[in-house]
Structures are given as structure tokens and as C-alpha cells.
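As a basis for the values below, the full set of heavy atoms in this structure was taken, side chains included, without hydrogen atoms, waters or symmetry mates.
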Amino acid sequence: MIKRLGGVMAALMTLTATALPAGAAAWTLRWNPDPASQSVAAAFEGIEDDRADSHSGATHIYVSGGAYRFDMHTQDRDGSDRQRNEVKGMRTSSSSYLKILENQTWRISYQLYIPTSLDATSSFSHIAQMKTPGSGAPLYTMSLPISGGTPKINVRYWDESEQTHEVGSTNLNPIQGRWLDTTFEFKAADNGYLRWTLKDGSTTLVDRRMDGTDLWRGDDEYLRPKWGIYRSINSSGLQNTYLLIRNLQAHQLTGSAE
């Protein structure tokens, strides 16, 4: 009798272990700064506000109306041929920030507002990037190009040889002056993927995924997103302008999928 009970218990234990999955994957919120209570310095790892001191006395990146605001004036410079007012990375405390590491999967979402004064250009004009610390090409960019004579908003993946591949795009003019929802989902791996979605209210404008993307270069220390305005001055019609972002969230996929 004792032997039979022992056999039943062993069978039940085996069934239970088989039936319950270990560590199911889930999206875990890691970062969600609130402009109402967190300054630019408290929300981001670093700030690149007029590093060349081309517009002395002006603050270009600040909290405004429940959003983080990036101003750009035609006189602003970051080198002889370009402008840059950006923030980088995701700060979680005064002494720490998030690092996106190899083989991790992340989903970064936020809302953005592109005014009519922030128009597409004939040379580069980026409003979001994913980069590594230091110099070098980005891994992906959100940009405002003129393509075939039409202003666009697009996302491009940059491979290791710095060749670009368009993930998706849509016309810019109909969505300027509106709050948009955007999400980047990606795996930071040699054979990763990048998915970009852009929505105007309940309307999905772009939902594209590119597989086989090299989103981890061999010497990377870590990855970090950037937001703001980074553009060439070699385009006609540049105006004083700005960009707004709010409701930033970063989720990491944790559990068995990682």
C-alpha cells in the first residue's frame, strides 16, 4: 500500500512539473518618466543642448506643458554643418540608468508632436535614434526626409557597413500638428529584429517589422535611445522649430524568451 501511494505521488509530481511552464515571458515596465515631476536631467542619462555654445544663454531642452520640449533655432550649431539638441539614455535615479545589453528584447513607446515648422529636409534630419556610447553610426533612425518630392517620416535600419534599409514610412504633412503614438520593438542581437509602429489616434499609419537585423555590434558596450532634433544645415527653408515628446515607456521582455 505504501509503495502504491508513493508511485501515485511521484506521478502527480511529474505531471505538475510538466504542466506548469517555467518563467513565461512577459513585458516588464522599466522606465516611465513623468515631466510633471521629473526634469530633463532626472529623466535622461545625458543632455546634448547646444554643445558648441552657439546660442549662448538659451535653454533648448526643457519641460513644457506636460511634455519634454526640444527647441531648434536656425543659428544653433553642433559643428560647422549640423545642428543637435538631443537627450540620450533612460535614467532611473540620480546615479543609475538603463543599459540595453546583448540579446535583450525591448519595446520603447511614446507620443510625439511634430509642428508644421519641423518639416522634412533634403539632407538628414533625425528626430529619434538608437546608438551606442561614443561616436559612430546609429543602429536605427526616425527621420524626416523628402522622398520623390514628398515630405515623409520614416525609420531606417543601419547595417554594420552603414548602409541604410527602410523599415517603413508615411507622408508627413497630414500628421503634422497632431499627437502621434509610436513604438520601437527590437532585439539587440546579431540576428535581431526591428518593428516600428506609428498611429494617429485609432488609425495605424505604419506597422512594419524587419527581421535579420544586426542590432548588436561586436564591440558594443550597451545601446541607448536618443530623442530630439539632429539635422544638417545643408537644406533650404530651415525654420526655428521644436519637437514635443511625452508618455515615454520602456518595457523589457523578461522570462523564458530571454
Side-chain angles (χ1 to χ4, degrees), residues 27 29 31-32 67-68 70 86-88 90 100 104-131 137-159 162-189 191-215 223-232 235 241-253:
W27 290 104
L29 181 63
W31 183 68
N32 183 205
Y68 296 106
F70 304 82
E86 291 184 304
V87 294
K88 55 190 177 185
M90 302 174 286
I100 298 172
Q104 292 181 346
T105 302
W106 287 76
R107 180 183 288 163
I108 297 174
S109 60
Y110 60 100
Q111 293 183 299
L112 72 159
Y113 182 94
I114 305 170
T116 55
S117 58
L118 181 54
D119 214 342
T121 59
S122 56
S123 191
F124 71 85
S125 186
H126 304 322
I127 57 173
Q129 305 184 64
M130 179 64 70
K131 295 196 71 177
L139 285 86
Y140 65 73
T141 54
M142 178 191 284
S143 307
L144 306 178
I146 295 174
S147 178
T150 302
K152 298 281 189 177
I153 179 171
N154 75 0
V155 164
R156 291 177 296 167
Y157 155 66
W158 296 57
D159 64 27
E162 300 187 13
Q163 298 298 305
T164 61
H165 311 267
E166 187 168 273
V167 179
S169 73
T170 191
N171 290 342
L172 176 62
N173 289 349
I175 57 177
Q176 286 176 294
R178 303 171 66 87
W179 279 103
L180 309 171
D181 295 277
T182 192
T183 300
F184 292 94
E185 182 182 312
F186 59 94
K187 184 170 185 177
N191 186 25
Y193 73 90
L194 173 61
R195 180 184 179 186
W196 175 48
T197 61
L198 182 69
K199 296 182 179 181
D200 179 7
S202 60
T203 302
T204 298
L205 304 169
V206 181
D207 186 352
R208 296 291 301 275
R209 170 170 166 150
M210 180 178 286
D211 291 301
T213 56
D214 181 3
L215 292 174
L223 308 185
R224 60 186 176 194
K226 300 186 75 176
W227 296 270
I229 301 173
Y230 175 47
R231 67 184 184 180
S232 168
S235 296
T241 190
Y242 65 94
L243 171 72
L244 301 174
I245 60 173
R246 69 183 185 188
N247 296 336
L248 293 115
Q249 295 187 354
H251 289 81
Q252 182 184 357
L253 189 63

Are L112 and W227 side-chain neighbours, meaning at least one heavy-atom pair lies under 4.5 Å?
no

When rounded to the nearest 0.5 Å, the distance separating CG of L194 from CD of E185 is 9.5 Å

Heavy atoms only: give me the nearest S123-T121 pair and the separation to one decimal.
O-OG1, 2.6 Å

Spatial distance of atom OG (S169) from atom CG (L198) [nearest 0.5 Å]
10.5 Å

Measure across L243 and G228 and return the closest heavy-atom pair with its distance rounded to 0.1 Å.
CD2-O, 3.6 Å

Are M210 and R208 packed together at the side-chain level, in the sense that at least one heavy-atom pair is separated by less than 4.5 angstrom?
no

Side chains of F70 and I127: does their closest heavy-atom pair fall under 4.5 Å?
no

What's the spacing between L248 CG and I108 CD1 if we round to 0.5 Å?
9.0 Å

Assess the residue pair S117 and T241 against the criterion (side chain to side chain donor-acceptor pair (under 3.5 Å)); give the C-alpha distance rounded to whole Å, side-chain angles, the decisive distance to 0.1 Å, and a yes or no.
CA-CA 5 Å; S117 58; T241 190; 2.9 Å; yes

Atom of L244, atom of A67 and distance for their closest heavy-atom approach:
CB-CB, 4.4 Å

Under 4.5 Å between any side-chain heavy atoms of D207 and R195, yes or no?
yes

To the nearest 0.5 Å, what is the distance between CD (Q176) and OH (Y113)?
9.5 Å

Taking every heavy atom of Q104 against every heavy atom of W106, the minimum-distance pair comes out as OE1-NE1, 3.0 Å

What is the minimum heavy-atom distance between V167 and Y157, and which atoms define it?
CG2-N, 4.0 Å

Begin with the C-alpha distance, continue with both residues' side-chain angles, and end with the deciding distance and a verdict on side chain to side chain contact (heavy atoms under 4.5 Å, CB included) for W158 and L139.
CA-CA 5 Å; W158 296 57; L139 285 86; 5.8 Å; no

Once you round to the nearest 0.5 Å, how far does CG of N247 lie from OH of Y68?
10.5 Å

Please check if the number of heavy atoms outside K152 that lie under 6.0 Å from its NZ is greater than 12.
yes

Is it the case that atom CZ in R107 sees more than 12 heavy atoms from other parts of the structure closer than 6.0 Å?
yes

Answer yes or no: is there a side-chain heavy-atom contact under 4.5 Å between K131 and P138?
yes

So F184 and Y110, would you call those rings parallel, tilted or perpendicular, with 30° and 60° as cut-offs?
parallel

Using side-chain heavy atoms (C-beta onward) and a distance below 4.5 Å, is I146 in contact with D119?
no

Worked check of side chain to side chain contact (heavy atoms under 4.5 Å, CB included) between Q129 and E86
CA-CA 10 Å; Q129 305 184 64; E86 291 184 304; 2.9 Å; yes

Distance from L118 atom CG to I229 atom CD1, nearest 0.5 Å?
5.0 Å

Using a 4.5 Å cut-off on heavy atoms from C-beta on, say whether the side chain of F186 contacts that of Y140.
yes

Nearest atoms (heavy-atom pairs only) where S125 meets R231:
OG-CB, 3.6 Å

Any side-chain to backbone donor/acceptor pair from T213 onto Y193? Under 3.5 Å, distance only.
yes

Is there a side-chain contact between I153 and T170 in this structure, where contact means two heavy atoms from C-beta onward sitting under 4.5 Å apart?
yes

